[in-house]
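Below, read A as the first sequence line, B as the second, and so on, with proteins coming before strands; counting in each chain starts at 1.
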Amino acid sequence: MLEIRGLQAFYGEAQALHGIDLTVREGEVVTLVGRNGAGKTTLLRSIIGLHPDVRGSIMLNGSELTTVPTHRRPGLGLGWVPDDRGIYASLNVEENLTLPTVTHPDSAWSLGQVYEAFPVLADRRRAAGTTLSGGEQQMLAVARVLRTGARLLLLDEPSEGLAPVIVQQIRDILLRVKEQGTTVLLVEQNVKFASTVADRHYVLAEGAVAADLDKQEFTDRQDELLTYLGM
Amino acid sequence: MNAFLLYTVQGLAAGSFYALAALGLAIIFGVLGVVNFAHGACYMLGAVVAAVLLDVTGLTFWPALVVVPVLLFLFGVVIERLFVSRLAELDPLYNFLLTFGLSLLLVDLIKRQYGVSGLPYTRPEVLSGQLSLGSFHLPTYQVFVFLFSLLVCAGVWLLMTRTRIGMIVRASTEKSDLTRALGVNVKAWVTPVFGFGIALAGLAGVLAAPFRAITADMGSSFIIILFAVVVIGGLGSIVGAVVAGFLVGLVEAYGQAYAPQLSQIVIFVLMALVILARPAGLFGREENA
Ligand SMILES: Nc1ncnc2c1ncn2[C@@H]1O[C@H](COP(=O)(O)OP(=O)(O)O)[C@@H](O)[C@H]1O
Ligand SMILES: [Mg+2]
């Protein structure tokens, strides 16, 4: 579904990604782990089209993405949850949900389904987006891309800074999304969380892929990874 | 008492021009990030076009309230397409300088064509004279200007808060990149939004036409006060622009009535006080300041 070849990204003179090769197959949940500054966020921003200075190739379902304008990429199936969650203060909860148009009706969640899965969003539907708690904002950000029916979710550290009970809730949603056949590329520092939801893992270090591990290898080397990530 | 009421109505009428124009300025700033220095010139253009249309085609005040803003909208669209969009990728300062140059150009073109003495404009019969409320007598035209502007501001507010267009404008004002990444073609909204903002300045100009001296320079002092309005209300805040517009109109009118020698200063004293208390303006968000 997603094939990245030789992807380089730059911040002015500084190079953040040094030739990334990575493949995500349809229906897979793949995580990207790596220390702070490894380039995970830059990689996701490059895929969604917010990193202007990139070289190399990003293919989605066989067509080149790098030349497609940012606002047309969701229409090709991408749904992005940014690391800061990207909730609008000037939009209420329901407006935050309905701002992006439904691009893939077959897999799109209706507002009813969203509210059923996240009752707290239903209760606060008229409240300004940023009056929600951190966990609620994260759910809103995830719900927003589910409502569009995106076929490939790009999630940037959805569990970061959240209470265990909320992390559990997000995990349940991810498992449900996976069952539905949606593909997920998940940036995750929480190795436990990553190992329970993902099929495969890429370890990123200094803007390059350091390892490509399947479920078994990832579990076997979990301690080594925890030490490596400094946790 | 009657005198105070009269000053209040005068202030609210003057504030109407500020509120409408500042609303346009705020919407343009929100979506484009451009401070439109030519906004005063567009207000002037609204009044001049109304006067010229009346003179040449006999188009009276009521149809002018619609026709002139539409013309100014088209003017804004052309300016955005021809010039503003070319500088969009650069520092917003470039567009500030562009609109500054544009305002000089417009003022001199109008001066060249129509001279420096005012153009004549007659107000419609029904709006002349006084409105009597018991023992109070209020100028009909000023009351009309205030109520009409209030209606337009309320309409714009509904457009911004209750429609999908308004939602997109708010979203791209707050987080332009994210909004694009969520699939909204933000660029497609830039041109109509610019035109709409200019049209609001033009509408303020038409309303001012029967009431103020219509000269090429009428926008020059207007834009300075408009900047004070925007600073007081909070840059980019829609509600702030309207509230501060009426507030500045009132302060100006009371100043002229009760402290004429200070009337030029009071607005800027108010601005300084607001900045001291709330640097982001009355309705501005601190993080945007
Ligand atoms: N806006 C920026 N300007 C310059 N350098 C940046 C910027 N954002 C990130 N970087 C650099 O790019 C590298 C990758 O950062 P990032 O993608 O945020 O990593 P991660 O998400 O894995 O923590 C880091 O070295 C970081 O310092
Ligand atoms: Mg990151």
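The environment of CZ in Phe268(B) is crowded: more than 12 heavy-atom neighbours from other residues, nucleotides or ligands sit within 6.0 Å. In the displayed structure, Glu206(A) atom CD is contacted under 6.0 Å by at most 12 heavy atoms of other residues, nucleotides or ligands. Within 6.0 Å of CD in Gln180(A) there are more than 12 heavy atoms belonging to other residues, nucleotides or ligands. Within a 6.0 Å radius of CZ in Phe148(B), more than 12 heavy atoms belonging to other residues, nucleotides or ligands are found. Other residues, nucleotides and ligands contribute more than 12 heavy atoms inside 6.0 Å of the CD atom of Glu64(A). Dense packing is recorded around CZ of Phe10(A), with more than 12 heavy atoms of other residues, nucleotides or ligands lying under 6.0 Å away.
Ranking Arg45(A), Glu95(A), Arg73(A) against chain B, the residue ahead of the rest is Glu95(A), based on heavy-atom pairs under 4.5 Å. When the candidates Asn92(A), Leu78(A), Ile87(A) are compared by the number of heavy-atom contacts under 4.5 Å with chain B, Ile87(A) comes out ahead.
Taking 4.5 Å as the limit, every side-chain heavy atom of Arg72(A) sits out of range of all side-chain heavy atoms of Asn185(B). Between Lys175(B) and Tyr88(A) there is a side-chain heavy-atom pair separated by less than 4.5 Å. Put simply, the side chain of His71(A) does not reach to within 4.5 Å of the side chain of Lys187(B), judged on heavy atoms. Counting only heavy atoms from C-beta outward, the side chains of Pro74(A) and Leu182(B) never approach each other to under 4.5 Å.
Proximity to chain B (any heavy atom under 4.5 Å) is shown, for Leu91(A), by both the backbone and the side chain. No part of Thr173(B) comes within reach of chain A, as not one of its non-hydrogen atoms sits under 4.5 angstrom from that chain. Residue contact with chain B, scored on non-hydrogen atoms closer than 4.5 Å, involves the backbone and the side chain of Leu99(A) alike.
A donor-acceptor pair is defined here as one N or O able to donate and one able to accept, closer than 3.5 Å; such a pair exists between the side chain of Arg164(B) and the backbone of Thr98(A). Not one N or O on the side chain of Arg180(B) forms a donor-acceptor pair closer than 3.5 Å with the backbone of Thr70(A).
When all heavy atoms are compared, the tightest approach of Ala181(B) to Leu50(A) is CB-CD1, 3.8 Å. Across all non-hydrogen atoms, the minimal contact from Ser90(A) to Arg170(B) is O-NH1, 2.8 Å.
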